[in-house]
*Asks:* 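I have a structure I would like to understand better, so I am pasting it below and will then ask my questions one at a time.
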Amino acid sequence: MSAVVPVLVVGPPDLVTTSVVSALQANGLAAERREVNGSGSGFPRPSRGGGVVVVNLDFPESVGLVAEAVTSGWPTLVVGRQTDRERTAAAVAAGAAAYVPGSCPLEVLVHTVLQVSAGRAVMMTKERLAWLELHRVARAEVDTRRRRLDLLTDREFEVLRRLERGQKAADIAVDAVLAMSTVRTHIRSILVKLEVNSQQHAIAIYRETRRHGE
């Protein structure tokens, strides 16, 4: 059975993706890497013989491609870092059938691919519910941060973006042709609206919200 299982491995040409393809091929699976691009991968419908999509979560578009693969009818397995739990949770919420940490032995990955291809349940209900709850909490936090960012005026948002790029208040005043007192007023307003006590925290909120949007 394993000799005819088609496996599409989606991810950048990094060590993880290359190792996954090599390990699957060495075990008799018809594995090939799918190119990653901004417009999606255009998954074909799986053949009657079945197959599996393996998505490397180490790139921004990965969760969207999990959803696309699942919608196209592919059982989908994701490989990701144990430290990036929110992205893994999002992939599970998008329909991933199984998750394998990138640090696991490749034999575990091959076995899991075969289990998923055979239609066997790999992820226990309790584990799936835990991932879904983590995703719900993460999305609620992102929505809260986004609502706070929406309170900023265009000028305040410009100041926040400049702070995120590493500019100091004096530099912003010169570049934006603003009085130093005006820049400081904008910064104070940003902190109040984002409900934080430091510019570093405000920048972190902006970066995290942007990352989730991507």
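Sequential numbering from 1 along the given sequence is applied to the chain's residues.
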*Asks:* Applying side-chain contact (heavy atoms from CB on, under 4.5 Å) between V53 and each of L8, V9, V7, report the one that passes.
*Replies:* L8

*Asks:* With clusters defined by side-chain heavy atoms of hydrophobic residues (ILVMFWY) lying less than 4.5 Å apart, directly or transitively, does V70 cluster with L132?
*Replies:* yes

*Asks:* If every non-hydrogen atom of L152 is compared with every non-hydrogen atom of E156, which pair is closest and at what distance?
*Replies:* CA-OE1, 3.4 Å

*Asks:* Should the pair R147-D150 be classified as a salt bridge under the 4.0 Å nitrogen-to-oxygen rule?
*Replies:* no

*Asks:* If you look at every heavy atom in A91 and V66, which pair is closest and at what distance?
*Replies:* O-CG1, 3.7 Å

*Asks:* For a quick test of reading the model, state the closest non-hydrogen atom pair linking L191 to S198 and the distance between them.
*Replies:* CD2-O, 3.3 Å

*Asks:* Any side-chain to backbone donor/acceptor pair from R139 onto A90? Under 3.5 Å, distance only.
*Replies:* no

*Asks:* Within this structure, what is the NZ-CZ distance for the pair K193 and R148, rounded to the nearest 0.5 Å?
*Replies:* 14.0 Å

*Asks:* So does R161 pair up with E164, basic N to acidic O under 4.0 Å?
*Replies:* no

*Asks:* Evaluate the side-chain proximity of H135 to V92: yes if any heavy-atom separation is below 4.5 Å, no if none is.
*Replies:* no

*Asks:* Can you give me the closest heavy-atom contact between Q82 and P101, atom names plus distance?
*Replies:* CG-CB, 3.6 Å

*Asks:* Using a 6.0 Å cut-off, check whether atom CG of N197 has over 12 heavy atoms from anything other than its own residue.
*Replies:* no

*Asks:* Using modelled atom types only, decide if a donor and an acceptor are shared between the side chain of T17 and the backbone of P13 within a distance under 3.5 Å.
*Replies:* no

